[in-house]
2 protein chains.
Amino acid sequence: MTEVIEPAIETVTIDVVLSALADPVRLTLVRALDTAGDWTCGSDILKNTGVTIGKSTLSHHIKVLRDAGLIRTRVDGIRRLMTLRYGDVDQRFPGLLNMLREREPARAAEKASASTA
Amino acid sequence: MTEVIEPAIETVTIDVVLSALADPVRLTLVRALDTAGDWTCGSDILKNTGVTIGKSTLSHHIKVLRDAGLIRTRVDGIRRLMTLRYGDVDQRFPGLLNMLREREPARAAEKASASTA
DNA sequence: CGAACAGTACGATACAGATCGAACATTGGA
DNA sequence: TCCAATGTTCGATCTGTATCGTACTGTTCG
């Protein structure tokens, strides 16, 4: 086995993508891959992010992200390298990756606008 | 009580928005509001969408969407009208609303690209 | 060969959140 | 005034899924 299944980007639906990104761990993984910029292996991601989950859990999340069309996996000897599918995702869902890059509220947090529920 | 609390759009994070949109019922509600275009009440949304959930459940989903900054609620006599916060959402997360409008895979579904996991 | 390493597969468990029903609040109209 | 319609709140379930641990596969290197 040398290649890993990934869906063609045209077949990916926003519904599945949203479900994949709704989990805080997976969002952390995606952001770490984005920061890394190129091929990274799972154990390095755990080191970089400081996320403390078992490796079977990580494997599960990676699969969800891959099935959602967000990342690509490549076998490299003893490890599996992965990377964001920048071009595909940007083409299919323009603006999405950019949204994920912001981690803080946009401004100095005005408070809620209207009153009394 | 005449107004309903909604967060200032700058304070809304993509994390919360993704969680809100990850639920299939809420995604249906948002799409229905988008299609409707203007102020719509809860029971009308249920009729339009055919979604069969209790009204307490609907109330819960509405609250999640409102807290996520996606919709605005206005009291009108016996009912509560709501609408998408088009301008705010488009400004804060450009491209997001547009992504939700597509319900089908983009093309005639090529199959998976690589082979053997 | 055998040990260490990276990752997957699978069954079991735990927890978050979706759902429901009942009680209550508010408004408008008969 | 009383009733019907819309919606909220609260407590109790029920379910999906994130998590873990173990066993297993495949690879590199001594």
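Per chain, numbering begins at 1; letters A, B, ... match sequence-line order. Values below: all heavy atoms of this structure, side chains included; hydrogens, waters and symmetry mates excluded.
Between the side chain of B:Thr28 and the main chain of B:Pro24, a donor-acceptor pair closer than 3.5 Å is present. A:Thr49 contributes no side-chain N or O that, together with a main-chain N or O of A:Lys47, makes up a donor-acceptor pair within less than 3.5 Å. A donor-acceptor distance shorter than 3.5 angstrom exists from the side chain of B:Arg92 to the backbone of B:Val12, with no hydrogens or angles considered. Between the side chain of B:Thr35 and the backbone N or O of B:Arg31 there is at least one donor-acceptor pair closer than 3.5 Å.
Within the 4.5 Å cutoff, the side chain of A:Leu96 has heavy atoms near those of the A:Val89 side chain. Using a 4.5 Å heavy-atom cutoff, the side chains of B:Ile14 and A:Leu21 are not in contact. Side chains of B:Ile45 and B:Val51 form no contact here, defined as non-hydrogen atoms less than 4.5 Å apart.
Counting non-hydrogen atoms under 4.0 angstrom, A:Ser43 reaches the backbone sugars and phosphates but no base. As judged by a 4.0 angstrom heavy-atom cut-off over every strand, A:Ile53 is placed among residues touching the sugar-phosphate backbone only.
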(request) Assess whether side chain to side chain contact (heavy atoms under 4.5 Å, CB included) is satisfied between B:Leu81 and B:Asp38, documenting all intermediate values. (result) CA-CA 9 Å; B:Leu81 304 179; B:Asp38 65 341; over 6 Å; no
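Nearest-nucleotide positions on DNA chain D for B:Thr57 and B:Ile78 put B:Ile78 closer to the 5' end. Taking for each of B:Asp76 and A:Lys55 the nucleotide of DNA chain C with the nearest heavy atom, the 5'-most of the two is the partner of A:Lys55.
For DNA chain C, the residues of residues 16-28 of chain B within the heavy-atom distance limit of 4.0 Å (strictly under) are B:Asp23, B:Val25, B:Arg26, sorted by number. For the contact set between residues 60-71 of chain A and DNA chain D, defined by any heavy atom under 4.0 Å, the members are A:His60, A:His61.
Rounded to a whole Å, the CG atom of A:Leu58 is 16 Å from the C1' atom of D:dG21.
The side chain of A:Ser56 lies closest to D:dC20 when the candidates are D:dC20, C:dC20, C:dA6.
A close approach under 4.0 Å does occur between a side-chain nitrogen or oxygen of A:Ser59 and OP1 or OP2 of C:dT8.
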